[in-house]
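Heads up: the structure comes next, in structure tokens.
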Amino acid sequence: MPKKHGKRHRGQSGAGPAATDAADVSAAAPGNAAERPPSSARWVRAAPDLERHGPDPAATPPIRVAPGIVTVAPGAPFRLADVDPDASEGLDKAWAKEALAAERGRIQALQERLYAEHRRSLLVVLQAIDTGGKDGTIRAVLEGVNPQGCTVSSFKVPSADELDHDFLWRYHARVPRRGMIGVFNRSHYEDVLVVRVKGLVDDAVWRARYGLINDFERLLAASGTTILKFLLHISKNEQRERLEARIADPDKHWKFDPADLVERKSWDAYQAAFQDAMIQCSTSHAPWHVVPANRKWFRNYVIARSIADTLEAMDPRYPEATKGISDLKVPD
Ligand code: AMP
Ligand code: MG
């Protein structure tokens, strides 16, 4: 019943402990009133204080994902084939489209607070097989978000310059700075996915990357970046239909890459590579989440909902402002 599930979906927001010590900006201000310097100096002092303490690296990351998304438990067995790409929690399409708009509104408001707080960031990693819906998700979920508050980085075949560096170099350069939401359209996981499937490096090289990726993500998490990693999970049949739709519609030809037909032949190898990456790199600081993605409206809603709930759990706060601003007069 859409209503029941709708309730479950609505009812969950704000569940669990929201604010962490790290999120409490006011905690960074000097506690003893007698020691406080004048208000304008306090504003200046607040930033280095936040720099020094940072978020607590041992704290559980404030990640909240929507019902219907499957989180890969760190260290537990996991079979990607057990996740039904058609799942939709019994939700109603029309309801989910309206709910998506509401979630976007929450993201917009919370993003403004994250930006004003200028202390932490959110990294959303999107991985999927070709036609899996990464571009569509970004379009649907980020519509209306202040463009100054988010960055989208799409990673293609590495350039010669990028290949002359360690494999994480190009990704590290694009992680969101404080106050920002960053989206990775493909990511550092390509280096254990397409690179493995196409045999671009020796097995020992890509295998060693799982640990390096975990260390990289731990560094980000300890530096104040909450990481939401989504695999958009579609079925092989759904991919065929999407490829056929691109071939049938001249307006979609620009999107059609004949190489996708070749890659499709490696479907099973990609599924195995996805599954291993989820198992090896689902950690307590950055777990993997599998999104049933055959139904675009379900995918968009649950991802938007997860981003909104996670931002809410991060509980970004406006910084303490200089006292007396409201009494100031603008000179002629
Ligand atoms: P698209 O996202 O469809 O525009 O295509 C980007 C292409 O770049 C895909 O075929 C990816 O497999 C490929 N790609 C992305 N990252 C890497 C990487 N690290 N090594 C090799 N190929 C990559
Ligand atoms: Mg493509």
Side-chain angles (χ1 to χ4, degrees), residues 80 123-142 151-175 182-217 229-236 238-278 280-281 288 291 293-294 296 299 303:
L80 184 55
L123 172 61
V124 179
V125 170
L126 297 178
Q127 282 293 159
I129 198 113
D130 295 316
T131 75
K134 302 182 301 298
D135 300 304
T137 302
I138 293 169
R139 214 169 34 240
V141 171
L142 290 184
T151 54
V152 178
S153 308
S154 301
F155 296 100
K156 310 288 180 181
V157 176
S159 67
D161 190 28
E162 288 167 343
L163 286 171
D164 272 350
H165 293 83
D166 69 84
F167 84 99
L168 288 172
W169 180 74
R170 65 173 183 159
Y171 307 104
H172 204 168
R174 306 304 298 262
V175 299
V183 180
F184 278 7
N185 181 348
R186 300 188 189 270
S187 69
H188 42 299
Y189 283 93
E190 290 295 331
D191 295 80
V192 292
L193 296 170
V194 63
V195 166
R196 164 181 168 176
V197 171
K198 291 190 168 177
L200 301 180
V201 297
D202 287 347
D203 286 5
V205 174
W206 61 256
R207 274 187 211 286
R209 288 178 175 171
Y210 294 131
L212 297 167
I213 287 174
N214 290 341
D215 289 345
F216 169 57
E217 292 178 353
K229 302 188 294 196
F230 294 115
L231 175 70
L232 313 182
H233 182 50
I234 61 167
S235 62
K236 196 172 181 188
E238 180 68 21
Q239 188 194 51
R240 182 174 40 72
E241 281 173 23
R242 291 183 187 186
L243 287 170
E244 283 171 355
R246 285 182 189 182
I247 291 169
D249 180 354
D251 285 349
K252 286 190 179 171
H253 282 181
W254 67 273
K255 257 183 146 181
F256 180 73
D257 182 354
D260 289 353
L261 300 181
V262 180
E263 292 306 297
R264 180 172 162 81
K265 293 186 180 154
S266 305
W267 178 273
D268 291 343
Y270 274 107
Q271 298 302 305
F274 282 131
Q275 177 172 296
D276 285 348
M278 321 269 111
Q280 298 291 331
C281 299
W288 263 106
V291 181
N294 273 3
K296 295 173 183 174
R299 170 201 80 197
I303 291 179

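Every value quoted in this text rests on a predicted model; they were computed, and no experiment measured them. Both ligands and their constituent atoms are indexed starting at 1 by order of listing.
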Check whether any side-chain heavy atom of [X] sits under 4.5 Å from a side-chain heavy atom of [Y], and report yes or no.
| X | Y | value |
| --- | --- | --- |
| D130 | D257 | no |
| D191 | Y171 | yes |
| K229 | M278 | no |

Tell me whether [X] contacts the main-chain N or O of [Y] through its side chain, where contact means a donor paired with an acceptor under 3.5 Å.
| X | Y | answer |
| --- | --- | --- |
| N185 | K134 | no |
| R174 | S153 | no |
| E217 | N214 | no |

Checking contacts here: is it the side chain or the backbone of A259 that comes within 4.0 Å of ligand 1, counting heavy atoms only? Could be both or neither. neither

Reported CZ-to-CD1 distance for the pair R242 and I129, which is rounded to 0.5 angstrom: 12.0 Å

Winner among E263, R186, K134 once heavy atoms are compared against atom 10 (O) of ligand 1: R186

Closest to atom 14 (N) of ligand 1 (heavy atoms only, candidates E162, K198, K156) is K156

Which residue and heavy atom of the protein sit nearest [atom], plus the separation:
| atom | result |
| --- | --- |
| atom 22 (N) of ligand 1 | V194 CG1, 3.6 Å |
| atom 16 (N) of ligand 1 | R170 NH2, 3.1 Å |
| atom 20 (N) of ligand 1 | P158 CD, 3.4 Å |

Taking 4.0 angstrom as the limit and counting only heavy atoms of [X], give me the atoms of ligand 1 inside it, by number and element.
| X | answer |
| --- | --- |
| D191 | 19 (N) |
| F155 | 15 (C) |
| Y171 | 19 (N) |

Is V157 in contact with ligand 1, taking contact as a heavy-atom separation below 4.0 Å? yes

Out of curiosity, is Y189 lining ligand 1, as in a heavy atom under 4.0 Å away? no

F155 ring centre to R170 NZ or CZ under 6.0 Å, with the angle to the axis within 45°? no

Check: V195 N/O within less than 3.5 Å of ligand 1 N/O: no

